[in-house]
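Written out below as structure tokens is the structure these notes cover.
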Amino acid sequence: MRIAYFFLGAFLAIAQSAYAEVAAPPVLKPLTRQAQAAELSAQFLSRYSYKPVPLDDALSARVMDGFIKSLDPDRMLFLQADIDKFMADRSDIDDAIERQDLKIPFTIFNAYQQRVVDRMTYARSLLKRGFDFSGKEDYAVLRDKAPWPQSETESNDLWRKRVKNDWLRLKLGGKDDAAIRETLDKRYENTLERAYKFKSDDVFQSFMDAYSNAIDPHTDYFGAAASADFNVSMKLSLFGIGAVLQERDDYTTIRELVPGGPAQLSGKLAVGDRITGVGQGKDGPMKEVVGTRLDEVVQMIRGKKGSIVRLDILPADAGADGVHRVVSLVRDKISLDKQAARKTVLSVKAGETTRKIGIITLPVFYEDFDAKNKGDKDYKSASRDVAKLLAELSEEKVDGVLIDLRNNGGGSLDEAIDLTGLFIGKGPVVQQRASNGKIDVRSADLAKPVWTGPMGVLINRGSASASEIFAAAIQDYGRGVVIGEPSFGKGTVQTVVDLDRMVHNSKPEFGELKVTIAQFFRINGGTTQLRGVTPDISLPGLTDPKLFGETSFDNALPWAEIKPARYKPEGDIAALLPTLQSRHDARAKSDQDFQRLVQDIADLKAQREKGLVSLNEAERRKEAAAREARFKARAEAGDGDDLAGDDGLQADERSLSADIAMENARKKAKDVLLDEAAAIVADEAELQGGAVEAATKQPEKTEQK
């Protein structure tokens with residue numbers, strides 16, 4: 001990763017702030033351990049990745065481009081003059097990394113902080129004047145490919161339109177001018193304040209993200225915080241107090257209490273309570289945390305099981321000068337059950353029969369690696385949890401099972417294999433090709449399947465990696481019907497490398513790398529890389545494949561093919577597909593909810609392609625009125641949910657109760673695609689039942705005359 005001893009003083013000469021009354025943000029500098037970690041990462045990535053990429057000028061340029069894009073994706077902050085200065089060092093990052101010099105990225109980040117301060121200060125100044133919404137003017141909401149502003153005057157005009165749009169949204173949402181000024185001033189002030197809270201590790205994490213992603217889209221760097229979050233996502237557990245926290249108006253606020261956690265069991269904490277201080281142990285000093293970053297407060301509250309943490313609480317119903325109370329809690333293991341597999345049962349009409357379809361939703365392929373390696377027989381595992389749910393569904397005598405993998409980005413490869421085994425028993429699941437070309441066939445090894453009945457898999461563009469392995473195997477075996485959108489297209493395997501362990505550090509300093517080490521292939525010889533899994537029955541989706549998915553990355557591996565593995569299909573779902581498709585088409589054509597969803601998706605696509613919004617109040621009110629009339633008509637007809645329109649507010653700008661109510665309403669909204677997928681599995685169950693009945697029916701006796 002980069003560096004050339006260029007003089008960065010000039011870099012930050014990015015024009016002095018035009019708003020001198022606002023203090024400049026702190027100048028962040030790289031730490032020695034960060035430069036060492038970057039150089040060590042470069043050594044590893046240039047040698048041991050699946051497709052090693054040399055640390056040279058070409059890679060340096062990609063890193064620079066990615067880093068700048070991560071800071072200013074909409075090209076709203078930097079000026080073209082800033083970019084020109086940055087680009088003078090575009091090919092020097094490789095040399096800088098080898099010299100353990102991180103001045104280049106830190107200089108860019110410091111310039112970014114100053115630009116944030118300048119733009120937010122300017123945005124706040126616009127609020128004093130107000131706006132005229134009677135003229136004809138548009139604002140470009142999609143600017144990722146737009147040119148950077150050529151001058152401060154051009155940047156000011158761009159931000160004038162952005163603030164004007166923010167104001168208009170709130171006005172259309174029913175806010176008066178005074179409330180709009182207050183809301184937007186606080187919004188911009190919060191953004192400005194965050195520029196003063198960045199730390200050296202934030203810069204380094206952003207830079208290493210740009211470097212690792214320049215190798216390939218799924219190679220990542222984990223600093224201490226990112227590593228902890230990754231481990232929690234795989235274990236689905238942590239040691240803490242069992243509270244979901246949110247930053248609101250400089251306070252760390254309790255948004256949710258986890259059932260059975262220390263916070264909920266204490267009876268002393270409530271949703272909306274604000275944490276103003278954190279103390280360690282029975283009598284450790286209480287550290288004030290008002291205005292402290294949420295991630296830092298979270299780290300202070302987490303700790304070893306059985307240890308004590310004390311919280312200084314400002315109750316939800318108390319004013320800023322209200323009476324505080326101190327709550328002492330003993331940390332315990334907290335299970336993140338919301339991310340665990342869960343089940344529901346839907347009754348679906350199929351022909352003249354109502355069938356029960358079991359829905360298993362799996363948000364991630366989790367596995368507690370540490371507990372498993374230690375021999376813990378009850379370690380957390382996605383496939384184990386699904387096996388229990390399948391047993392429960394069998395007892396409930398469901399006619400079919402649908403595995404909902406929408407937005408499941410993957411996780412443990414072993415879990416994907418074991419999950420497939422629940423439906424096929426023994427047999428190859430996936431082929432894995434290492435960088436040396438060696439191919440390893442990974443197989444499920446269950447004595448018999450847990451579920452042998454009709455089944456389907458529901459996927460969308462957010463279904464990736466382990467989700468694609470499972471869906472592809474089910475499809476290749478003919479074991480069930482795959483329904484939804486083409487999946488993400490991630491056909492690569494990663495492993496986590498502990499950099500500190502590599503150099504025998506006694507304490508964590510360098511972080512971890514998640515490195516691509518192999519490519520996986522379907523047992524039919526193809527790969528999900530780039531193309532994803534193509535569903536047997538397609539459903540509409542909200543995502544734009546050009547913007548989301550493997551095809552959106554310019555350095556993704558190409559599609560490839562190898563020899564098929566030796567396997568025996570378990571079913572012949574292909575024979576049922578024409579009938580399943582025709583029934584789906586007929587249902588979709590007559591289902592008003594489904595057709596409305598199709599229309600909403602078309603409207604969203606048109607809006608996305610337009611990329612502009614009008615800043616004329618009359619035009620916007622006309623658009624809003626048409627939209628609200630459509631939703632109201634649906635609600636009155638009893639065919640849809642009475643969804644609230646755009647109020648122009650961000651989540652932390654609404655009252656906590658209002659924000660939670662909106663979230664709950666979204667969860668309760670009718671899931672049209674899930675209902676249709678369940679209907680398809682119900683059809684599958686009916687057709688398979690008919691086939692079994694026909695196959696087992698005794699032929700009629702006849703006499704020859």
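Starting from 1, each residue takes its place in the sequence as its number. Heavy atoms only: backbone and side chains are in, while hydrogens, waters and symmetry mates are out.
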Checklist outcome for this item: Residues at least two apart in sequence or cross-chain that pass side chain to side chain donor-acceptor pair (under 3.5 Å) with Arg501, listed by chain then number, are none
Checklist entry - For Val258, what residues pass the side-chain contact (heavy atoms from CB on, under 4.5 Å) criterion, not counting sequence neighbours? => result Ile334
Checklist outcome for this item: Residues at least two apart in sequence or cross-chain that pass ring-ring contact (aromatic ring centres under 6.0 Å, His included) with Phe109, listed by chain then number, are Tyr112, Phe198
Item to check | Counterpart residues, side chain to side chain donor-acceptor pair (under 3.5 Å), relative to Gln80 (two or more places apart) | outcome: Asp84
Checklist entry - Residues two or more places apart in sequence or in another chain: which of them pass ring-ring contact (aromatic ring centres under 6.0 Å, His included) with Phe44? => result Tyr48
Checklist entry - Listed by chain and number, what are the side chain to side chain donor-acceptor pair (under 3.5 Å) partners of Asp418, not counting sequence neighbours? => result none
Checklist entry - Is there any salt bridge (Lys or Arg N to Asp or Glu O under 4.0 Å) pair reaching into residues 198-208, and which pairs are they, with sequence neighbours excluded? => result Arg33-Asp201, Lys199-Glu296, Asp202-Arg293
Item to check | Contacts of type side chain to side chain donor-acceptor pair (under 3.5 Å), residue Glu485, not counting sequence neighbours | outcome: Thr543
Checklist outcome for this item: Applying ring-ring contact (aromatic ring centres under 6.0 Å, His included) to Phe204 and not counting sequence neighbours gives Tyr221
Item to check | Sequence-distant partners of Arg406, salt bridge (charged side-chain N to carboxylate O under 4.0 Å, His left out), two or more places apart | outcome: Asp404, Asp671
Item to check | Under the side-chain contact (heavy atoms from CB on, under 4.5 Å) test, residues paired with Ala651 that sit two or more places apart | outcome: Arg654, Asp659
Checklist entry - Who are the ring-ring contact (aromatic ring centres under 6.0 Å, His included) partners of Phe67, not counting sequence neighbours? => result Phe207
